[in-house]
Asks: 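I have a structure here, written as structure tokens, and I will follow up with some questions on it.
To find a chain, count down the sequence lines: A is the first, B the second, and so on, and within it residues start at 1. Remember, it's a predicted structure, so these values are computed and weren't measured experimentally.
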Number of protein chains: 2
Amino acid sequence: MKYTKKDRQQLLLETLEKNPFITDEQLASTFNVSVQTIRLDRMELSIPELRERIKSVAAHNFGEEVKSLPLNEVIGEIIDIDLDKQAISILDITQDHVFARNGIARGHHLFAQANSLAVAVINDELALTRKSTITFVKPVKAGDRVIAKAVVLSSDTEKNSTLIEVTSKVENDTVFIGQFSMYRVTKS
Amino acid sequence: MKYTKKDRQQLLLETLEKNPFITDEQLASTFNVSVQTIRLDRMELSIPELRERIKSVAAHNFGEEVKSLPLNEVIGEIIDIDLDKQAISILDITQDHVFARNGIARGHHLFAQANSLAVAVINDELALTRKSTITFVKPVKAGDRVIAKAVVLSSDTEKNSTLIEVTSKVENDTVFIGQFSMYRVTKS
DNA sequence: CTGATATTAGTACCAAGTGCTAAAATGGTG
DNA sequence: CACCATTTTAGCACTTGGTACTAATATCAG
């Protein structure tokens, strides 16, 4: 019932891929060979020992320090602003913003750019987002430069409410549209 | 220049929090005490040995069954997930998430939690947000623990479209509601 | 049958510990 | 100051999961 050397080594690779937390002893018993054979296999395949495998899994995880959204006031860089009227910001999409799988930017980054721009354009103590409808028109890729433009559509002073539309483009292609209903907190 | 026992133990905790990859020997030399003292400290504080610490860091990262996304791409911590049905995540709001002015969380963080949860709940190669309508029901403050629950409402296999509703609560008060229309990229 | 390849066995050694005992050093307190 | 408790050090045997190396067997192919 034993595998050939080649098959066993192939299986070994797959097994450790799935679960790196296995000792040579355990491997030996699952493959019905001696521990020494497993060691030889590991050497030929240059698979490190258990502790090193675990360490590398841990280090990997640790190095990628839970990436959260940038925390500055505004996501992206504001390049033009006309308070209570309109504003423009630029966000360069990097590897950090995209799904590793396919290089497409995660939605919340585009939202964050638009939302924080909507907040910034309001000339008041503070603005809170109340409601919002957004459409991701076209996927954005790593390397793209997203230019968001916020336009104040209307303002209801009674209700402290302001309606803003943000349109984001990449090289003149619209990639994102969002309507934001903002609540303004007037200076007391 | 030695610390008191209490101070040293406090520092020990903080040091290992920041970097769990340190041996007792290294710790001993940084604190200018003997290795045995470090061991006693670890025992009193029930801190496991280096290898166990590393293993737990690694296991944390490895043991997850999130399919649609590596864990680190999700904003907040997923505590329950039933693929294609529902998922729950927790996000602790810190000073970093709020407007300094009034301590109210910026909208895009709540959106990011909800959006990434919506992506994670989908059992497919990848999911992109297509459209979304969101309402910020109530301000969220620093210190709040936001629990977001994503529920898959419907799935249109023809259009590769899935409708998800995410409701976020702080201590049973709804603070955020979002409908997400997701586009699913099927496995090849 | 012979030679090459593959497998097993056994030994010494290492890192980073645990567990245990015991001796110093240090620090209040009466 | 003396005394006792706490704290710190030291030392030794033992554990895991290995490495490094040598040497003896198995197995198979021509």
Asks: Between B:Gln9 (CD) and D:dT7 (C1'), how many Å, whole number?
Replies: 11 Å
Asks: All N/O contacts under 3.5 Å from nucleotides 24-30 of chain D to the protein, with atom names and distances to one decimal?
Replies:
none

Asks: Using the ring of A:Phe21 (Phe, Tyr or Trp, six-membered ring only), decide whether A:Arg53 places NZ or CZ under 6.0 Å from its centre and within 45 degrees of its axis.
Replies: no
Asks: Return the value, rounded to whole Å, for the distance between atom CZ of B:Phe31 and atom C1' of D:dT9.
Replies: 18 Å
Asks: Go through the structure and list residues passing salt bridge (charged side-chain N to carboxylate O under 4.0 Å, His left out) with B:Glu25, not counting sequence neighbours.
Replies: none
Asks: It should be established whether B:Arg39 places a side-chain nitrogen or oxygen under 4.0 Å from OP1 or OP2 of nucleotide D:dT9.
Replies: no
Asks: If only side-chain N and O atoms of B:Arg8 are considered, is one of them under 4.0 Å from the OP1 or OP2 phosphate oxygen of D:dT8?
Replies: yes
Asks: Is there side-chain contact between A:Phe111 and B:Asn115, with at least one heavy-atom pair below 4.5 Å?
Replies: no
Asks: Whole-Å distance between C:dA15 P and B:Leu27 CG?
Replies: 17 Å
Asks: Give a yes or no on whether the backbone of B:Ile75 and the side-chain of B:Ser116 come within a donor-acceptor separation of less than 3.5 Å.
Replies: yes
Asks: Send over the distance from A:Leu40 CG to D:dA23 P, rounded to a whole Å.
Replies: 16 Å
Asks: Other residues, nucleotides and ligands only: do more than 12 of their heavy atoms fall within 6.0 Å of CD on A:Glu14?
Replies: yes
Asks: Do B:Leu16 and B:Tyr3 share a hydrophobic cluster (ILVMFWY, side-chain heavy atoms under 4.5 Å, transitive)?
Replies: yes
Asks: Please compare A:Gln36 and B:Asp41 by the position of their nearest nucleotide in DNA chain D and report the one closer to 5'.
Replies: B:Asp41
Asks: Using OP1 and OP2 only, check whether a side-chain N or O of B:Thr37 sits under 4.0 Å from D:dT8.
Replies: no
Asks: Angle, rounded to 10°, between the helical axes spanning five pairs at each terminus of the helix from C:dC1-D:dG30 to C:dG30-D:dC1?
Replies: 0°
Asks: Measure CZ/A:Phe21 against P/D:dG18 and give the value in whole Å, please.
Replies: 13 Å
Asks: Please give, in whole Å, the distance from C:dT18 P to B:Ile38 CD1?
Replies: 12 Å
Asks: Identify, residue by residue, the members of residues 42-54 of chain B with a heavy atom below 4.0 Å from DNA chain D, and return them in order of residue number, or none.
Replies: none
Asks: How long is the straight-line distance from OG1 of A:Thr162 back to CZ of A:Arg130, given to the nearest 0.5 Å?
Replies: 9.0 Å
Asks: Could you give all pairs that pass the ring pair (Phe, Tyr, Trp, His ring centres under 6.0 Å) test and reach residues 131-160 of chain B, with sequence neighbours left out?
Replies: B:Phe136-B:Phe176
Asks: When you measure from the side chain of B:Glu44 to the backbone N and O of B:Gln9, does any donor-acceptor pair fall under 3.5 Å?
Replies: no
Asks: Scan for side-chain hydrogen bond (donor to acceptor under 3.5 Å, both in side chains) pairs involving residues 170-179 of chain A, sequence neighbours excluded, and state none if there are none.
Replies: A:Lys138-A:Asp173, A:Glu165-A:Gln179
Asks: Could you tell me how far apart B:Lys5 (NZ) and C:dA25 (P) are, to the nearest whole angstrom?
Replies: 19 Å
Asks: Expressed as a whole number of angstroms, how long is the span from B:Glu25:CD to C:dA15:P?
Replies: 9 Å
Asks: Main chain of A:Val98, side chain of A:Arg106: is a donor-acceptor contact present, judged purely on distance under 3.5 Å?
Replies: yes
Asks: Just by distance, do the side chain of B:Asn102 and the backbone of B:Ile104 share a donor-acceptor pair under 3.5 Å?
Replies: yes
